[in-house]
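Everything on this sheet refers to the single structure shown next.
Side chains are part of it too, since the values below use all heavy atoms of this structure and drop only hydrogens, waters and symmetry mates.
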Amino acid sequence: MIIFAPMKQNFFIFLSLVAFACNNTMHPPAALNPVPNEHQLAWHERGQYAFIHFTINTFTDKEWGYGDEPASIFNPSSFDAEQWVKTCKDAGLTGVVLTCKHHDGFCLWPSAYTEHSVKNSPWRDGKGDMVREVSDACRKYGLWFGVYLSPWDRNSAAYATPDYITYYRNQLTELLTNYGEVSEVWFDGANGGDGYYGGAREKRKIDNRTYYDWPNTHAIVRRLAPKAMMFSDAGPDIRWCGNEKGFAGKTNWSIINNDTLYAGKAGINDVLNAGSEDGTAWIPSEVDVSIRPGWFWHEREDSLVRSPENLLKIYLESVGRGANLILNLPPDKRGLIHENDVAALKEWKKIIDETFAVNLAAGVKASADTRRGRSIQFDAANVTDGLKDTYWATNDNVTKGSIEINLARDLTVKYIVIQEYIPLGQRVKSFAVEALDSNNKWQQVASGTTIGFKRILPLNGITTSKLRLCINDARACPVISNVEVY
């Protein structure tokens, strides 16, 4: 075969390009188990949402009702579910979890299995259904809806007997079949103690590890609300953060060993707060905290509503540490979220919107000291492209690396947001953020351990033209999907 010189030259260029492309095509990193399922991935995107504690306790000035409170005292004068939900939406909250039944056993819907409910109250002449009105309002305003059903019931005569489990599951079935899609089911860890118990007025104890037969109760949720995330101390889908003060751990693994966790176990709160680097299940953390000192409305607390600045701190230490935030908003006796709470929420939303309005790193040049297989598929530019499903990655045997973000000119920066590509698992164990100073030297300005779905770190208004994210250690090759600068 005769190949003329120009053709021969082009042919060899073509072969070189093919070889280069082959050498620079690299398979993605293997998933580092455990990893989130599709419903958990969607949950991570929810960010912050509302808890609403409202029941007969609102009218008795109690946090925990005893169970003997008469239904006749439940009568909010101006109840407005749309005011609740619109307040949540305006505050940037994405959903609502309603306390359909708290420990006192009073039901906010006309349950067929008890007389201790709204059907025997003067509200709506006994024909009302608060769960219905709240769930309808959520659909109207585009928020998802969740239910809280207390496992402990201080009113029920059957509590602590096997019959109560049937009763509880019947009520759970009502909530999961009559009110449209349910996105979260909240199982409280408070169980057993003194109560009315149908007139027995005694203390009852249960073994919370076995009494509720949780696997079979969870199966009901899986069957009737397959997309619903289930919360309890240890999951099965999301876990408690270990406190009600409004913060996740500075080290916060979304993975944990849940087979030996149960309420009351020594040291459980610390474990829940941090998660476990060697965890065998993906059960991320949810931070529950109230906008007031109490979970239910008390008039004396009208002046004690959290400030917008304190709410921002909570946001940064929950959502900003890879958890989700469920913020409690307790309506008052009128059946409205109080004006003071509404004002604080509006200002909080304004602060967040202004703080995170302009991403200074959007589309800017990014480079790395290493990348996976020298392939542009895993280039550092992926962390500033604004796309969720692209990421920078290193070779399998490389657990360190750095990404440089070129802001092009000196800018004052207050926060950096970092995200791992969690469909492949949580990996980073240690990292630092450096800034180029006026002497053209790198100075460390922040550091941390875990990143996970999202990490927000304050940079305290430094001025720099370049930032560098240094991954110092990881469980496997790091995969960083997003870096934002504000």
Side-chain angles (χ1 to χ4, degrees), residues 26-37 40-41 44 239 248-257 271 273-285 319-323 361 366-385 387-405 416-435 442 444-457 459 467-485:
M26 189 76 176
H27 60 79
L32 182 65
N33 290 321
V35 297
N37 61 39
Q40 289 173 319
L41 286 171
H44 278 285
R239 73 178 195 266
K250 291 182 179 179
T251 295
N252 182 24
W253 293 100
S254 288
I255 55 179
I256 201 164
N257 296 302
V271 175
N273 195 242
S276 305
E277 180 185 329
D278 61 350
T280 56
W282 189 278
I283 307 178
S285 173
V319 175
R321 291 179 180 174
S367 58
D369 61 352
T370 182
R371 70 182 180 192
R372 187 173 182 83
R374 295 179 298 168
S375 172
I376 59 172
Q377 180 183 355
F378 306 107
D379 192 75
N382 292 334
V383 306
T384 58
D385 65 4
L387 302 175
K388 291 193 301 183
D389 293 326
T390 63
Y391 52 87
W392 165 78
T394 65
N395 288 330
D396 286 337
N397 60 342
V398 177
T399 56
K400 296 181 180 181
S402 63
I403 304 171
E404 187 176 306
I405 308 295
I416 186 169
V417 178
I418 311 165
Q419 294 183 273
E420 288 186 77
Y421 186 68
I422 60 171
L424 295 180
Q426 189 175 357
R427 298 163 178 250
V428 175
K429 297 167 59 176
S430 174
F431 70 95
V433 178
E434 299 175 342
W442 291 104
Q444 182 173 304
V445 292
S447 64
T449 50
T450 54
I451 295 175
F453 175 72
K454 182 180 289 186
R455 191 68 192 266
I456 306 175
L457 295 102
L459 300 181
L467 290 168
R468 186 162 68 183
L469 170 63
C470 302
I471 306 300
N472 298 323
D473 194 12
R475 299 169 62 229
C477 64
V479 285
I480 304 299
S481 65
N482 186 43
V483 176
E484 300 171 7
V485 179

**Request:** Would you please name every residue forming a side-chain contact (heavy atoms from CB on, under 4.5 Å) with Ser367, sequence neighbours left out?
**Result:**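 Ser367 satisfies side-chain contact (heavy atoms from CB on, under 4.5 Å) with Glu404 only.
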How about [X] and [Y]: do any of their side-chain heavy atoms sit closer than 4.5 Å?
X: Ile451; Y: Ile480; answer: yes
X: Thr394; Y: Ile471; answer: no
X: Asp396; Y: His27; answer: yes
X: Glu420; Y: Phe453; answer: no

I'd like to know if the side chain of [X] reaches the main chain of [Y], judged simply by a donor and an acceptor atom lying under 3.5 Å from each other, with no hydrogens or angles considered.
X: Asn252; Y: Gly249; answer: no
X: Arg427; Y: Cys477; answer: yes
X: Gln426; Y: Ser254; answer: yes
X: Arg475; Y: Lys429; answer: no
X: Arg455; Y: Ile416; answer: no
X: Ser375; Y: Gln377; answer: yes
X: Arg468; Y: Glu434; answer: no
X: Trp392; Y: Thr370; answer: yes
X: Gln444; Y: Ala432; answer: no
X: Arg321; Y: Ala248; answer: yes

**Prompt:** How many angstroms lie between OG1 in Thr450 and CZ in Phe431, if you round to the nearest 0.5 Å?
**Reply:**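 So the gap between those two atoms works out to 7.5 Å.
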**Request:** Report the C-alpha distance between Lys388 and Asn482 in whole Å, list the side-chain angles of each, state the deciding distance to 0.1 Å, and finish with yes or no for side-chain contact (heavy atoms from CB on, under 4.5 Å).
**Result:** CA-CA 7 Å; Lys388 291 193 301 183; Asn482 186 43; over 6 Å; no
**Message:** What verdict does the side-chain contact (heavy atoms from CB on, under 4.5 Å) test give for Thr251 and Glu277, after you've listed the backbone C-alpha separation in whole Å, the side-chain angles of each residue and the deciding distance to 0.1 Å?
**Reply:** CA-CA 10 Å; Thr251 295; Glu277 180 185 329; over 6 Å; no
**Asked** With respect to Asp379, which candidate in Arg371, Arg374, Arg372 satisfies the side chain to side chain contact (heavy atoms under 4.5 Å, CB included) definition?
**Response**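 Answer to the side chain to side chain contact (heavy atoms under 4.5 Å, CB included) test with Asp379 among Arg371, Arg374, Arg372: Arg371.
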**Request:** For Lys400 and Asn472, run side-chain contact (heavy atoms from CB on, under 4.5 Å): C-alpha distance rounded to whole Å, both residues' side-chain angles, the deciding distance at 0.1 Å, then the answer.
**Result:** CA-CA 5 Å; Lys400 296 181 180 181; Asn472 298 323; 5.5 Å; no
**Request:** Give the ring-plane orientation class for His44 versus Trp282, where under 30° counts as parallel, over 60° as perpendicular and anything between as tilted.
**Result:**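 His44 and Trp282: perpendicular rings.
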**Pro478 versus Thr399, closest heavy-atom pair with distance** =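 Shortest heavy-atom contact: CD-CA, 4.0 Å.
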**Request:** List the steps and the verdict of side-chain contact (heavy atoms from CB on, under 4.5 Å) for Ile418 and Leu457.
**Result:** CA-CA 8 Å; Ile418 311 165; Leu457 295 102; 4.0 Å; yes
